[in-house]
Amino acid sequence: MTQEKKESILIPPYGGKLVDLLVTGEERQVLLEKATKLPSVQISARAICDLELLAIGAFSPLDRFMKKADYERVLTEMRMSDGILFPIPVTLPVDESALPSYGEEITLNDSRNNTLAIMQIEEVYHYDPQREARLVLGSTDPIHPLTSEMVRWGKVYVSGALKVINLPHYYDFIDLRRTPAEVRAILERMGNQKVVAFQTRNPLHRIHEELTKRAAEEVNGSLLIHPVVGMTKPGDVDHYTRVRVYRTLVDRYYDRNRTLLSLLPLAMRMAGPRETLWHAIIRRNFGATHFIVGRDHAGPGKDSQGRPFYGPYEAQAMLTQYGEEIGVTPVEFKALVYLADEDRYEEQNKVPEDARIFSISGTQVRDDYLAKGETLPEWFTRPETAEILQQMYPARYKQGVCIWFTGLSGAGKSTTAEILTSLLLEHGRQVTLLDGDVVRTHLSKGLGFSREDRDTNILRIGFVAGEIARHGGTIICAAISPYRATRNEARKMVGEERFVEVFVDTPIEVCEERDVKGLYARARRGQITGFTGVDDPYETPVNPEITLNTVEYSAEENARRIIAYLEEQGFLLPDGFNKGLAPAEEDIAEPAEQVVDA
């Protein structure tokens with residue numbers, strides 16, 4: 001007698017069933033042997049995240065990197081070729097030269113050449129990264145983290161049937177990494193039909209805790225805390241720190257009978273409203289019926305002109321518009337404030353008249369507390385969270401920083417950088433100086449001056465700078481770095497909070513007058529080609545942290561101006577000496593106290 005399978009109480013996956021591309025058992029062994037004889041293609045960290053989520057069904061009903069017909073319709077209509085709503089293109093960019101003949105199979109490998117999957121090549125097509133950015137992101141501004149990344153992708157997309165042999169292997173938080181099927185099984189046992197999901201890429205503070213608990217109570221269901229641990233916005237708190245916070249809070253402050261913490265290895269696009277819709281679809285595949293949406297969900301911040309890429313409520317509006325179609329109801333991130341006299345949080349529109357409220361802005365958290373090594377107040381964050389953040393983020397004067405000089409040849413970058421090095425050493429900072437000319441004789445020896453080689457040179461410098469700054473060092477980079485998108489990539493490698501772009505704004509006529517090597521004259525005569533400022537463009541920074549005038553001010557005056565900026569930002573102590581002294585108590589801002597007149 002066979003036992004009938006019990007019908008699930010959870011919402012069905014998007015499209016009706018979970019995709020499963022993983023092969024097991026004897027078939028897997030056969031494919032492992034076959035893979036050793038196939039040509040291989042190394043895929044990026046972003047593509048590996050996408051491959052994993054395709055394999056386990058998180059992108060259901062999508063079962064492969066998109067074909068051209070799906071890709072084109074997703075760009076223009078947010079739908080796949082069969083009409084199903086899917087707002088984000090999931091594609092595999094490769095260099096065309098790396099592919100074998102059409103119709104053949106290839107293995108998809110990680111950076112260490114571990115085989116992850118076998119793909120039957122069915123379609124190879126070209127794409128326009130600027131068009132894709134304009135349609136999906138709503139902008140081609142190179143300061144957008146995905147736009148600056150796309151220009152370095154392979155020039156074609158490839159699609160075809162996938163057989164996934166191995167998922168990426170992780171060593172961290174293994175017990176929290178679950179497939180949609182595994183998450184669904186746990187939610188099923190909790191016994192609630194409704195599930196509210198909360199996506200986060202930041203540490204959880206008391207206001208987030210209150211919001212998520214209220215959301216679960218409102219829907220009378222389970223709570224899925226589902227942080228992204230794949231690729232988030234450059235400069236975000238690393239996932240190791242964040243997950244330590246999440247796990248501690250869930251263990252100590254949430255109802256374990258209705259709360260599940262699980263990690264999502266998603267590569268975010270920072271595509272704002274479109275991405276919000278995509279996040280909701282993904283969470284439906286994990287069993288969610290409701291999705292919490294905050295202000296500027298999945299937004300990358302401000303563009304080159306200092307304006308937000310997306311409006312604060314565009315994401316909420318888009319999910320409200322399409323929520324019924326995808327089966328996920330938006331839960332708006334309500335504005336909560338702390339009532340100081342009652343020791344509780346309340347919705348802003350329900351605050352009693354004459355109540356005292358406390359608030360701390362994100363800028364205050366960074367600049368007045370973490371940057372100065374001060375403990376966040378308990379009304380704002382749990383003591384466990386504050387302790388973890390202090391362990392991982394020391395005061396700013398103990399953190400690493402990168403000062404990145406950019407400008408034309410002869411602008412004065414190297415001269416100013418050498419003086420700055422001396423001044424920083426005087427202040428007690430250990431300094432590494434990467435000068436463009438020196439780098440090309442060692443780190444980038446053999447590279448030419450094509451755009452591709454120049455980009456490679458700058459990205460190598462950016463990688464080294466990022467590693468030094470990440471480990472608490474001070475690094476000065478002085479290279480022409482003519483292309484804006486590549487400088488933005490270097491900024492991403494270092495981290496937004498640690499990157500100081502210094503534009504040495506010297507007119508080209510002055511640079512030519514200073515040119516003792518005669519390089520400009522030779523370029524003007526055509527003896528040198530691809531020379532920045534003559535027959536190759538220099539893309540002026542839009543919003544550098546510092547702009548230097550080398551005509552009216554000396555190199556020393558400019559170097560001291562940079563020192564003043566570093567003191568102002570907290571990278572150097574205000575007394576001018578890096579002795580490890582704590583900032584004075586009066587320098588710490590008190591939380592803003594407001595009286596609300598209802």
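Side chains are part of it too, since the values below use all heavy atoms of this structure and drop only hydrogens, waters and symmetry mates.
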(request) Please work out which of the three classes, parallel, tilted or perpendicular, describes the rings of F503 and Y538, given edges at 30° and 60°. (result) parallel

(request) Check whether any side-chain heavy atom of W153 lies under 4.5 Å from a side-chain heavy atom of S44, and answer yes or no. (result) no

(request) Can you measure from CG (L32) to CD (E27) and round to the nearest 0.5 angstrom? (result) 10.5 Å

(message) Minimum heavy-atom separation for L99 and I121, please, with both atom names.
(response) CD2-CD1, 4.2 Å

(request) Taking atom NZ of K155 as the centre, report whether more than 12 heavy atoms of other residues, nucleotides or ligands fall under 6.0 Å from it. (result) yes

(request) Report the relative orientation of the aromatic rings in F173 and H239; use parallel for angles under 30°, tilted for 30 to 60°, perpendicular for over 60°. (result) perpendicular

(request) Give a yes or no answer on whether the side chain of R440 reaches the backbone of G448 with a donor-acceptor pair at less than 3.5 Å. (result) yes

(message) Do S8 and E188 pair up side chain to side chain, a donor and an acceptor below 3.5 Å, judged on atom types alone?
(response) yes

(message) As an exercise, state the distance from CZ of R152 to OG1 of T456, rounded to the nearest 0.5 Å.
(response) 9.0 Å

(message) Keeping E501 on the side-chain end and W404 on the backbone end, is there a donor-acceptor pair under 3.5 Å?
(response) no

(message) Is any side-chain heavy atom of L263 closer than 4.5 Å to one of P227?
(response) yes

(request) Using a cut-off of 6.0 Å, state whether more than 12 heavy atoms not belonging to Q391 lie near its atom CD. (result) yes

(message) Within this structure, what is the CG-CE distance for the pair L146 and M268, rounded to the nearest 0.5 Å?
(response) 11.0 Å

(request) Kindly indicate whether a cation-pi arrangement holds for R177 with Y170, taking the cut-offs as under 6.0 Å to the six-membered ring centre and within 45° of the axis. (result) yes

(message) Nearest 0.5 Å, please: how far is CZ in R460 from CG in L447?
(response) 4.5 Å

(request) Would you indicate whether the side-chain heavy atoms of L176 and R247 approach each other to under 4.5 Å? (result) yes

(message) Tell me whether D535 contacts the main-chain N or O of T529 through its side chain, where contact means a donor paired with an acceptor under 3.5 Å.
(response) no

(request) Decide yes or no for E123 and R64: does some side-chain heavy atom of the first lie under 4.5 Å from some side-chain heavy atom of the second? (result) no

(request) Among L319, L224, I281, I326, find the one that has a side-chain contact (heavy atoms from CB on, under 4.5 Å) with F291. (result) L319

(request) Would you mind reporting whether L204 and F198 have side-chain heavy atoms less than 4.5 Å apart? (result) yes

(request) Output the distance between atom CD (E489) and atom OH (Y483), rounded to the nearest 0.5 Å. (result) 15.5 Å

(request) Could you please spell out the steps behind the salt bridge (Lys or Arg N to Asp or Glu O under 4.0 Å) verdict for R131 and E72? (result) CA-CA 11 Å; R131 175 172 176 262; E72 289 293 342; 3.0 Å; yes

(message) Please identify which of these residues, P541, P544, P142, S148, meets the side-chain contact (heavy atoms from CB on, under 4.5 Å) condition with R487.
(response) P541

(request) Specify the closest pair of heavy atoms between P89 and V74, including all atoms of both residues, with the distance to one decimal. (result) N-CG1, 3.6 Å

(message) Tell me whether N488 contacts the main-chain N or O of H144 through its side chain, where contact means a donor paired with an acceptor under 3.5 Å.
(response) no

(request) Would you check if there is a donor-acceptor pair between the side chains of S304 and R484 at a distance under 3.5 Å? (result) no

(message) We want to know whether T107 and N109 form a side-chain donor-acceptor pair, criterion being a heavy-atom distance below 3.5 angstrom.
(response) yes

(message) Walk me through whether I186 and E182 qualify under side-chain contact (heavy atoms from CB on, under 4.5 Å).
(response) CA-CA 7 Å; I186 297 173; E182 291 168 340; 5.7 Å; no

(request) May I ask you to say whether D50 pairs ionically with R269, meaning some side-chain N is under 4.0 Å from a carboxylate O? (result) yes

(request) For the residue pair L249 and I225, establish whether any side-chain heavy-atom pair is separated by less than 4.5 Å. (result) no

(message) I'd like to know if the side chain of R284 reaches the main chain of H290, judged simply by a donor and an acceptor atom lying under 3.5 Å from each other, with no hydrogens or angles considered.
(response) no

(message) Can you confirm if the NZ or CZ of R274 lies within 45° of the ring axis of Y310 and under 6.0 Å from the centre of its six-membered ring?
(response) no

(message) Check whether D70 reaches the backbone of S81 with its side chain - one donor and one acceptor, N or O, closer than 3.5 Å.
(response) yes

(request) Check the side chains of N114 and H169 for a donor-acceptor pair under 3.5 angstrom, ignoring hydrogens and angles. (result) no

(request) Could you tell me how the ring of Y157 sits relative to the ring of Y125: parallel (under 30°), tilted (30 to 60°) or perpendicular (over 60°)? (result) perpendicular

(request) Assess whether side-chain contact (heavy atoms from CB on, under 4.5 Å) is satisfied between T147 and D141, documenting all intermediate values. (result) CA-CA 7 Å; T147 302; D141 192 324; over 6 Å; no

(message) Any carboxylate oxygen within less than 4.0 angstrom of a Lys/Arg side-chain nitrogen, looking at R242 and D236?
(response) no

(message) For a quick test of reading the model, state the closest non-hydrogen atom pair linking A485 to E539 and the distance between them.
(response) N-OE1, 4.3 Å

(request) Work out which heavy atom in L54 is nearest to a heavy atom in V19; give both atom names and the distance. (result) O-CG1, 3.8 Å

(request) Take E105 and K163 through the test side-chain contact (heavy atoms from CB on, under 4.5 Å) and record every step on the way to the result. (result) CA-CA 11 Å; E105 292 179 310; K163 292 185 177 180; over 6 Å; no

(message) Tell me the closest heavy-atom pair linking Y246 and N202, and the distance in Å.
(response) OH-O, 2.7 Å

(request) Decide whether R498 and Q399 meet the rule of one side-chain donor and one side-chain acceptor closer than 3.5 Å. (result) no

(request) For side-chain contact (heavy atoms from CB on, under 4.5 Å), just list the numbers for K413 and I480, CA-CA rounded to whole Å, side-chain angles, deciding distance to a tenth of an Å, and then say yes or no. (result) CA-CA 8 Å; K413 301 181 299 297; I480 293 172; 4.0 Å; yes

(request) Determine the minimum heavy-atom distance between R470 and E467, stating which atoms define it. (result) NH2-OE1, 2.8 Å

(message) Strictly distance-based, threshold 3.5 Å: is any side-chain N or O of R28 a donor or acceptor partner for the main-chain N or O of I165?
(response) yes

(message) Taking the side chain as everything from C-beta on, heavy atoms only, tell me whether L51 gets closer than 4.5 Å to F65.
(response) yes

(request) Starting at CD1 of I475, measure out to CZ of F499 and round the result to the nearest 0.5 Å. (result) 10.5 Å

(request) Flag the pair K67 and E122 as a salt bridge only when some basic side-chain nitrogen lies within less than 4.0 angstrom of an acidic carboxylate oxygen. (result) no

(request) May I ask you to test the R454-T532 pair for a side-chain heavy-atom distance under 4.5 Å? (result) yes

(message) Within the supplied structure, the quantity of interest is the number of heavy atoms (other residues, nucleotides, ligands) at a distance under 6.0 Å from F531 CZ; does it exceed 12?
(response) yes

(message) Donor-acceptor pair, distance only, cut-off 3.5 Å: does the side chain of E275 make one with the backbone of M270?
(response) yes

(message) Would the distance check show the side chain of Q42 and the main-chain N or O of S111 forming a donor-acceptor pair, the cut-off being under 3.5 Å?
(response) yes

(request) Measure from the side-chain N and O atoms of S481 to the backbone N and O of A479, and report whether any donor-acceptor pair falls under 3.5 Å. (result) yes

